[in-house]
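Down below is the structure, laid out as structure tokens.
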Amino acid sequence: MKYQLDMHSEQLMEEYHERLAVYERLAQLANEALRHALETQHLHVTTMEFRVKTEDSLAGKLELKGAKYHTLSDVTDIVGIRVVTFYSADVDKVAAIVSETFNVDWSKSVDKRKLHRLDSFGYNSLHYICSLPKQIVDDPDMPLLNELPFEIQMRTAMQHVWSTLDHDTGYKGDVKIPREYMRQFNRLAGMLELIDEEFSRLRNTLTDYRRQMLALEASGQLDDVDLNADTFRRYLETNPFVRLNQRIAAINQAELYPVPMMPFLRVLQKMGFETLGDVNRLIEEYSDDAYRLAVSQLGTTDLDILSDNIGLQNLCYVYVLKQGGGLTGLCNVLDWLKGYDPANMELAKVLLEQARRINWNEEK
């Protein structure tokens, strides 16, 4: 053989070649089972990959420490799966799912996060040594599928970044790394670990914020609910403009068809609205005027199909006019809603003329 192996290691290599088909099927089955389990629990991970150790890789390992392995099954990472998550808490969730899905050999599994020293390089991960239970596969022609071990590595994206850097720099070689370079490694490791912790902390903070906003919405304290994408989307789910839309549709006995309402979030924010309470007051105080504007727009037409953003759209027009925004204000609303277009000015002139028919004293 081209490798510098003793007789025992050569026997292990021969056994590896004999079992290669089993290892490949084992890798496929384990990967599919874990992917399905993660999807069932609705746990999104950033990366999931699997591999069977190559001949070169295994031979290199046996060259270094072949005497350590009495049998080929003692090489527990011939089949490997790596799961990379965004957050450290999700590593523990993946671990819980792994322990429910596979048989875990706890005596050989390692949580390197607990072994992490303050002065060490920043590579942490959770390694479980597993085997397939018969609930996943029970093939009399391949009984080894339930006996051979495989390794699952679980880590965060930041830990994965460090692992890649750690591997590429090759600091574990025979050459002693100067102290100043090792210090730089440790500083980088600390920065990545801090980023990891801060992302997790930020997610927890945002989760608490959303729960607080939901509680305020449920209690009706809309003045305390910030106007943002999350809160506005949930607010729209309550159909707050439906009564105004129905009044406007009744002008021509028109049919309403749904269109996206989220683009109006930008308009409302540009108009200075900061809370859902501001939006609610817009409906309460300006619905009659928005309806009157719709009468001016539709009364002499036979339009019988309207988009269901007609109510909110007219509320925005009326609000701008009542605040003295005039032609420029109307054009701004159209620009915020549709993007800048010279045609928006022409449409704004039409809207202003429709508003004049109701004898509003808006600024010209």
Side-chain angles (χ1 to χ4, degrees), residues 41-44 85-90 93 194-249 256 258-294 307-326 328-339 360 362-363:
Q41 295 299 321
H42 307 291
L43 181 58
H44 177 68
T85 71
F86 288 108
Y87 303 100
S88 55
D90 288 346
K93 291 181 183 178
L194 180 62
I195 292 171
D196 219 358
E197 292 175 356
E198 288 304 311
F199 270 126
S200 294
R201 186 175 291 112
L202 178 60
R203 182 175 72 160
N204 292 338
T205 300
L206 291 175
T207 298
D208 290 342
Y209 172 78
R210 290 191 182 99
R211 287 172 179 162
Q212 182 184 7
M213 292 300 103
L214 284 171
L216 290 172
E217 289 176 52
S219 66
Q221 301 176 50
L222 298 183
D223 282 330
D224 296 323
V225 181
D226 292 339
L227 178 61
N228 56 47
D230 283 344
T231 59
F232 188 56
R233 185 177 291 107
R234 289 194 297 269
Y235 183 70
L236 291 175
E237 291 173 359
T238 67
N239 296 316
F241 308 103
V242 65
R243 291 180 62 186
L244 176 57
N245 286 341
Q246 290 172 347
R247 285 183 68 192
I248 293 173
L256 292 167
V259 294
M261 303 279 275
M262 287 302 294
F264 281 91
L265 173 62
R266 171 178 165 80
V267 177
L268 294 169
Q269 290 173 330
K270 286 288 189 179
M271 290 185 343
F273 291 10
E274 296 180 348
T275 70
L276 290 185
D278 294 334
V279 181
N280 224 42
R281 276 186 290 278
L282 175 70
I283 298 172
E284 293 173 355
E285 297 177 14
Y286 291 92
S287 282
D288 286 342
D289 290 331
Y291 172 74
R292 293 174 64 204
L293 178 58
S307 60
D308 65 359
N309 64 10
I310 181 69
L312 178 52
Q313 183 174 271
N314 276 11
L315 284 168
C316 292
Y317 296 152
V318 168
Y319 180 83
V320 167
L321 291 171
K322 290 288 188 178
Q323 299 302 312
T328 300
L330 290 173
C331 190
N332 285 338
V333 170
L334 294 168
D335 286 343
W336 296 331
L337 190 60
K338 303 179 180 182
W360 289 337
E362 74 283 353
E363 181 180 326

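Everything numeric here is computed off the predicted structure, so don't read it as measured data. Residue numbers start at 1 and run along the sequence shown.
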Return the minimal non-hydrogen interatomic distance between Ala249 and Leu256, and the atom names on each side. CB-CG, 4.0 Å

OH of Tyr317 to CG of Leu312: how many Å apart, nearest 0.5 Å? 10.0 Å

Any donor-acceptor N/O pair, Gln269 side chain to Leu227 backbone, under 3.5 Å: yes

Could you walk me through whether Val225 and Thr275 satisfy the side-chain contact (heavy atoms from CB on, under 4.5 Å) test, starting with their C-alpha distance in whole Å, then the side-chain angles of each, then the deciding distance to 0.1 Å, before giving a yes or no? CA-CA 5 Å; Val225 181; Thr275 70; 5.7 Å; no

Measuring from atom NZ of Lys93 to atom OG of Ser88, what distance do you get when rounded to the nearest 0.5 angstrom? 10.5 Å

Asp230/Arg233 salt bridge by N-O under 4.0 Å criterion: yes

Would you sort out whether Leu337 and Arg266 count as a side-chain contact (heavy atoms from CB on, under 4.5 Å), showing the intermediate values? CA-CA 7 Å; Leu337 190 60; Arg266 171 178 165 80; over 6 Å; no

Sub-3.5 Å donor-acceptor pair from the side chain of Thr231 to the main-chain atoms of Asn228, do we have one? yes

If we ignore angles and hydrogens, is there a donor and acceptor under 3.5 Å between the side chains of Tyr319 and Asp289? no

Does the pair Arg281/Asp223 count as a salt bridge with the N-to-O cut at 4.0 Å? yes

Nearest heavy-atom contact between Ala290 and Ile248 is O-CD1, 4.5 Å

Between CG of Asp226 and CG of Leu276, what distance do you get to the nearest 0.5 Å? 8.5 Å

Mark yes when over 12 heavy atoms from residues, nucleotides or ligands other than Gln323 sit less than 6.0 Å from its CD; otherwise mark no. yes

Is Leu236 close to Met262 at the side-chain level, that is, under 4.5 Å between some pair of heavy atoms? yes

Check Tyr235 against Leu222 and note the closest heavy-atom contact, atom names and distance. CE1-CD1, 4.4 Å

Any Val279 side-chain heavy atom under 4.5 Å of Pro240 side chain: no

Do Leu244 and Ile283 come close enough that some side-chain heavy atom pair is under 4.5 Å? no

Okay, side chain of Asn245, backbone of Asp308: is any donor-acceptor separation there less than 3.5 Å? yes

Reported CZ-to-CG distance for the pair Phe241 and Asn309, which is rounded to 0.5 angstrom: 10.0 Å

Applying side-chain contact (heavy atoms from CB on, under 4.5 Å) to Leu282 and Asp278, what does each step give before you reach the verdict? CA-CA 6 Å; Leu282 175 70; Asp278 294 334; over 6 Å; no

Nearest-0.5 Å distance that lies between atom CG in Leu315 and atom CE in Met271: 8.5 Å

Val320 vs Asn332, side-chain contact (heavy atoms from CB on, under 4.5 Å): CA-CA, chis, key distance, verdict: CA-CA 9 Å; Val320 167; Asn332 285 338; over 6 Å; no

Quick one: list whatever passes side-chain hydrogen bond (donor to acceptor under 3.5 Å, both in side chains) with Thr328, sequence neighbours left out. none

Using 0.5 Å steps for rounding, measure from the CZ atom of Phe264 to the CD atom of Gln313. 5.0 Å

